[in-house]
Amino acid sequence: MTKSTHALSASVVRDFCTLCDKAHEYWLNHLELFDNNPRNTELMKSIARDEWERLSIISHEYSLLQVRKLHDRAVTSGKITLGIDYMLKYGGWSDSVRPRLEGLANELDGLADKLEDVRNKILSHNDLATIVAGARLGEFADGADEKYFKDLQEFVNTVHDEVIGGPWQFDDRVKNDVAAFLAMIKPASPPTPDA
């Protein structure tokens, strides 16, 4: 049952929750496929090393981009963007809910702000000075990404509960998908010497 006392429509809230869920899914996919993969060392030593590294970079950059996009301003270059700022500005939140959402948004911005240069100088543009300097951008403390998604889950649950009712649980079935994918990748047989 949809609650009707808020400025946001149920469909916009569902779209927002889906975007957050997808960002979580892509992050979790990268984490399971590359960072937590017990076969990572084996694959890095295999004949597929170059492709494995390439896929890791693609996965990593895409997941970072999805996180950063959630933090775009509600209005950017005259266009409305759906993200955390939009939810805060146009949610019509009660005095009891707004401070909780603002506090979570501030926590979330802590990691997302570290990704702003990555997006602007590497992911969306080829910034010459950054490339020439070989600068490392977007580093954050171990575990900051896990905390980010825990806080994002709380933000999403609050928004969903207030507008539609009940929590919106992030989908973690990607863990099973990654496990199935890895089971399909068999170690290559070493090349046989010519007789």
Do [X] and [Y] have side-chain heavy atoms sitting under 4.5 Å apart?
X      : Y      : result
Val174 : Leu33  : no
Val159 : Trp93  : yes
Gln153 : Cys20  : no
Asn37  : Leu43  : yes
Met87  : Phe16  : yes
Glu107 : Lys147 : yes

Check: [Y] main-chain N/O paired with [X] side-chain donor or acceptor under 3.5 Å:
X     : Y      : value
Asp21 : Asp171 : yes
Ser77 : Lys79  : no
Ser56 : Trp52  : no

Could you state whether [X] and [Y] fall into the same hydrophobic cluster, counting links through intermediate Ile, Leu, Val, Met, Phe, Trp or Tyr residues with side-chain heavy atoms under 4.5 angstrom apart?
X      : Y     : value
Leu65  : Ile57 : no
Leu70  : Ile80 : yes
Ile185 : Phe34 : yes
Leu82  : Val75 : yes
Trp168 : Tyr26 : no

Let me confirm one number: the [atom1]-[atom2] distance from [X] to [Y], rounded to the nearest 0.5 Å.
X      : Y      : atom1 : atom2 : result
Asn36  : His30  : CG    : NE2   : 9.5 Å
Tyr148 : Leu108 : OH    : CG    : 5.0 Å
Leu64  : Leu111 : CG    : CG    : 8.5 Å
Leu101 : Ile84  : CG    : CD1   : 10.0 Å
Phe155 : Glu102 : CZ    : CD    : 9.5 Å
Glu32  : Leu182 : CD    : CG    : 9.5 Å

*Output, in order, the C-alpha distance, side-chain angles, deciding distance and verdict of side chain to side chain donor-acceptor pair (under 3.5 Å) for Glu25 and Asn29.*
CA-CA 6 Å; Glu25 179 183 335; Asn29 188 84; over 6 Å; no
Considering all heavy atoms, the nearest [X]-[Y] contact:
X      : Y      : result
Asp151 : Leu104 : O-CD2, 4.0 Å
His71  : Ala112 : CD2-CB, 3.2 Å
Gly166 : His160 : O-ND1, 2.8 Å
Ala105 : Leu88  : CB-CD1, 3.6 Å
Ser94  : Pro99  : O-CD, 4.4 Å
Pro167 : Asn157 : CB-OD1, 3.5 Å

[X] with [Y]: basic N within carboxylate O range, under 4.0 Å:
X      : Y      : answer
Arg49  : Glu53  : yes
Arg100 : Glu154 : no
Asp50  : Arg54  : no
Lys89  : Asp85  : yes

*Near Arg73 CZ, under 6.0 Å, is it more than 12 heavy atoms from other residues, nucleotides or ligands?*
no
*Assess whether side chain to side chain contact (heavy atoms under 4.5 Å, CB included) is satisfied between Tyr86 and Val12, documenting all intermediate values.*
CA-CA 10 Å; Tyr86 181 90; Val12 167; 3.9 Å; yes
*Parallel, tilted or perpendicular: which describes the rings of His24 and Phe170, with under 30° parallel and over 60° perpendicular?*
parallel
_Whether Phe149 and Trp27 hold their rings parallel, tilted or perpendicular, with breakpoints at 30° and 60°_ = parallel
